[in-house]
Structure formats: C-alpha cells, structure tokens
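What follows is a set of notes on a single structure, which appears directly below.
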Amino acid sequence: MSKTLQIIHDRHIMSESPQFRNFEEIWPDYYKAMAGKVPRDTLLTALEHFERENPNQKGRFAVDLGCGEGRDTVELLRRGWRVLAIDGHPEAFERMLARQDLENVELLETKLAKFQDIILPENDLVNASFCLPFCLPEYFSEFWEKIVQSIRLGGRFSGQLFGDRDAWAKIPTNTHHTKEQAEKLLEQLEIEVFTEEEEDRKTALEEMKHWHIFHIVARRK
C-alpha cells in the first residue's frame with residue numbers, strides 16, 4: 001500500500017472506530033431521529049410511583065438532564081411539573097421549543113451546560129435518559145454525588161447507565177460501569193427498578209451496536 005493510501009486508510013479507521021467517535025457532531029442528527037418518540041419507560045415508571053403516592057403533582061419540580069429534543073420534558077410539562085431542561089447542545093432547545101405538543105411552557109426553564117458545569121437545584125426528580133454515559137469519566141463521580149444530594153427525600157432518579165460490555169465502553173470519553181459499580185452508585189437510594197439489558201440492535205441513527213444498559217428508577221431514602 002502506498003503512503004498516500006495508507007494515510008487515507010488510517011483516517012477511515014479512526015473515523016469509524018468507536019475509540020474516536022465524536023458525539024458532538026452527531027447530536028443534531030440524533031435529535032432529528034428522536035422526533036415524535038414517546039417518553040422513556042423509566043420516566044413513566046417514576047411518574048407512576050409519584051402519582052400512586054399522591055395524585056396531585058402540582059408544584060413538583062424535575063431536572064431533565066440531557067433533555068435533547070424534549071421527549072421526556074414534554075411529558076413532565078403535560079402532567080403539570082415544573083421542569084429545568086438541561087442540555088449541552090443549543091439545537092436541543094431549538095427543536096424542543098418548536099414542538100407542537102409543548103404545553104405549559106410557563107413551567108419550563110432551559111439551561112445550556114456541560115455536565116461538569118451544571119449546578120443542580122433541589123428537586124423532586126432527576127431524569128437522565130441515556131445521557132450520563134456521555135459525562136467525562138473524570139467528572140462522573142462528583143457529578144453523580146451532586147445528583148443524589150440534589151434530590152429531596154422521597155424524590156427519585158430515573159435514567160440509564162451503560163454497562164462495561166457495551167460497544168461504546170472502548171471510548172475513553174464515555175463513562176461505563178459494571179453491574180456491581182452501578183449498584184454501588186445506588187446505595188444512597190432505594191431501588192425501585194434495576195433492569196439489565198444486553199443485545200445487538202441498531203442505534204437511533206440506524207447503526208448496529210452491542211448494547212449493555214442498566215435501566216434505573218430509584219427513590220431518595
């Protein structure tokens with residue numbers, strides 16, 4: 001192989017290899033692919049638990065981390081929750097605020113921030129659907145403690161962590177956990193749902209991937 005062809009080949013490998021995945025470039029396409037999707041099951045389960053305890057959800061306050069185009073934020077607003085929707089990409093809010101099904105917008109606050117810069121207010125629910133694995137490993141432990149401490153007693157966390165056998169675990173800028181590590185993170189919480197999923201299926205962008213996910217709903221003791 002010539003030197004020129006070798007360089008092209010090496011660049012192709014770097015662009016396709018999970019170790020070099022630049023997620024910042026694909027978020028707009030991800031938001032587009034998520035348009036019209038229903039709320040995540042973990043969020044719906046957490047809301048069902050709240051409503052069993054008290055059908056009146058007026059005044060409840062949620063932080064929706066990695067809110068994206070708003071599939072979970074819209075559901076929280078529909079049920080009368082106040083919501084702080086946080087994302088690291090400005091297009092997320094552009095798409096959310098353009099949604100036809102966005103209700104109770106007076107209950108919504110948005111904030112553009114990276115994980116390491118987020119200050120979490122006291123809340124009843126931190127919802128983090130499929131976003132925490134994209135927190136840089138060097139910030140994750142501190143940020144997780146911020147999440148737990150921000151939740152009021154009786155409040156909840158809902159969301160996902162990615163396991164160590166997930167295909168993206170090779171990416172050094174992602175944070176993945178073994179099952180034992182994930183369970184340890186939840187020691188300060190009462191686990192209501194902890195489901196482990198592992199399978200090969202497509203991503204939202206139609207790429208095949210090996211998934212290893214922990215779906216979580218947990219209550220602050």
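Salt bridge present: R156 and E53 bring a charged side-chain N and a carboxylate O closer than 4.0 Å. Residues E75 and R79 are paired through a salt bridge, judged by an N-O separation under 4.0 Å between the basic side chain and the carboxylate. Note on K202 versus E207: no salt bridge recorded, every NZ/NE/NH1/NH2 to OD/OE distance being 4.0 Å or above.
Neither V83 nor L120 shares a network with the other; the hydrophobic side chains, linked directly or stepwise wherever heavy atoms of I, L, V, M, F, W or Y lie under 4.5 Å apart, form separate groups for each. When the side chains of ILVMFWY residues are joined at heavy-atom separations under 4.5 Å, either directly or via intervening members, L125 and L77 end up in a single hydrophobic cluster. L108 and V74 fall within a single hydrophobic cluster, where Ile, Leu, Val, Met, Phe, Trp and Tyr side chains are chained together by heavy-atom contacts under 4.5 Å. Hydrophobic clustering (side-chain heavy atoms under 4.5 Å, transitive across Ile, Leu, Val, Met, Phe, Trp, Tyr) groups L161 together with V126.
Here the OG1 atom belonging to T175 is positioned 8.5 Å from the CG atom belonging to L132, to the nearest 0.5 angstrom. For the atom pair R219 CZ and S158 OG, the distance stands at 14.5 Å (nearest 0.5 Å). Note that the CG atom of D64 and the CG atom of L43 stand 7.5 Å from one another [nearest 0.5 Å]. Considering CD of E142 and SG of C135, their distance stands at 9.5 Å, rounded to 0.5 Å. Expressed to the nearest 0.5 Å, how far CD of Q57 lies from CZ of R82 amounts to 13.0 Å. Atom CG of residue D72 and atom NZ of residue K37 lie 13.5 Å apart, to the nearest 0.5 angstrom.
Other residues, nucleotides and ligands contribute over 12 non-hydrogen atoms within 6.0 Å of the CD atom of E190. Taking a 6.0 Å sphere around CG of D41, one finds it holds 12 or fewer heavy atoms contributed by other residues, nucleotides or ligands. Enclosure of atom CD1 in I119 is not indicated, since only 12 or fewer non-hydrogen atoms of other residues, nucleotides or ligands lie within 6.0 angstrom.
Here the side chains of I216 and I191 are not in contact, with every heavy-atom distance at 4.5 Å or above. Side-chain contact check for F93 versus D87: some heavy-atom pair is nearer than 4.5 Å. Contact annotation: the side chain of H215 never approaches that of F194 to less than 4.5 Å [non-hydrogen atoms, C-beta and beyond]. Contact annotation: the side chain of T110 never approaches that of T73 to less than 4.5 Å [non-hydrogen atoms, C-beta and beyond]. Contact annotation: the side chain of W81 never approaches that of F61 to less than 4.5 Å [non-hydrogen atoms, C-beta and beyond]. Side-chain atoms of E106 and N104, non-hydrogen and from C-beta on, do get closer than 4.5 Å to each other. For the pair L65 and I147, the minimum side-chain heavy-atom distance is below 4.5 Å. Considering only heavy atoms from C-beta on, K111 comes within 4.5 Å of L84 through its side chain.
Taking the six-membered ring where the residue is Trp, the centroids of F140 and H177 are separated by under 6.0 Å. Proximity of the aromatic rings of W144 and Y139 is defined here by a centroid distance below 6.0 angstrom, and this criterion is not met.
When R201, R165, E198 are each tested for a side chain to side chain donor-acceptor pair (under 3.5 Å) with H210, only one passes: E198.
Judged by the 6.0 Å and 45° rule, R95 forms no cation-pi pair with Y31. A cation-pi arrangement is present between K209 and F162, with the terminal nitrogen or guanidinium carbon under 6.0 Å from the aromatic centre and inside a 45° cone about the axis. In this structure, R220 fails the cation-pi test against F157, since its NZ or CZ atom is not both closer than 6.0 Å to the six-membered ring centre and inside 45 degrees of the ring normal.
E145 and Q188 share a donor-acceptor pair across their side chains, judged by distance under 3.5 Å alone. For the residue pair D164 / H176, no side-chain donor-acceptor distance below 3.5 Å is found, with atom types taken as modelled. With no hydrogens or angles considered, no side-chain donor-acceptor pair links E199 and H212 at under 3.5 Å. For the residue pair T42 / Q160, a side-chain donor-acceptor distance below 3.5 Å is found, with atom types taken as modelled.
A donor-acceptor contact shorter than 3.5 Å is absent between the side chain of N174 and the backbone of F134. At distances below 3.5 Å, at least one donor-acceptor pair connects side-chain atoms of Q181 with backbone N or O atoms of T178.
When all heavy atoms are compared, the tightest approach of V193 to T195 is CG1-OG1, 3.7 Å. Residue S129 comes nearest to R40 through the heavy atom pair OG-CG, 3.2 Å, listed as atom of the first residue, atom of the second, then distance. In this structure, C131 and F115 approach most closely via the heavy-atom pair O-CZ, 3.4 Å. Residues G88 and L112 come closest through the heavy atom pair C-CD1, 3.5 Å. Heavy atoms only, all atoms of each residue included: M96 and C67 are closest at CE-SG, 3.5 Å.
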* side-chain contact (heavy atoms from CB on, under 4.5 Å) between I151 and N123, intermediate numbers included -> CA-CA 5 Å; I151 301 172; N123 61 77; 3.6 Å; yes
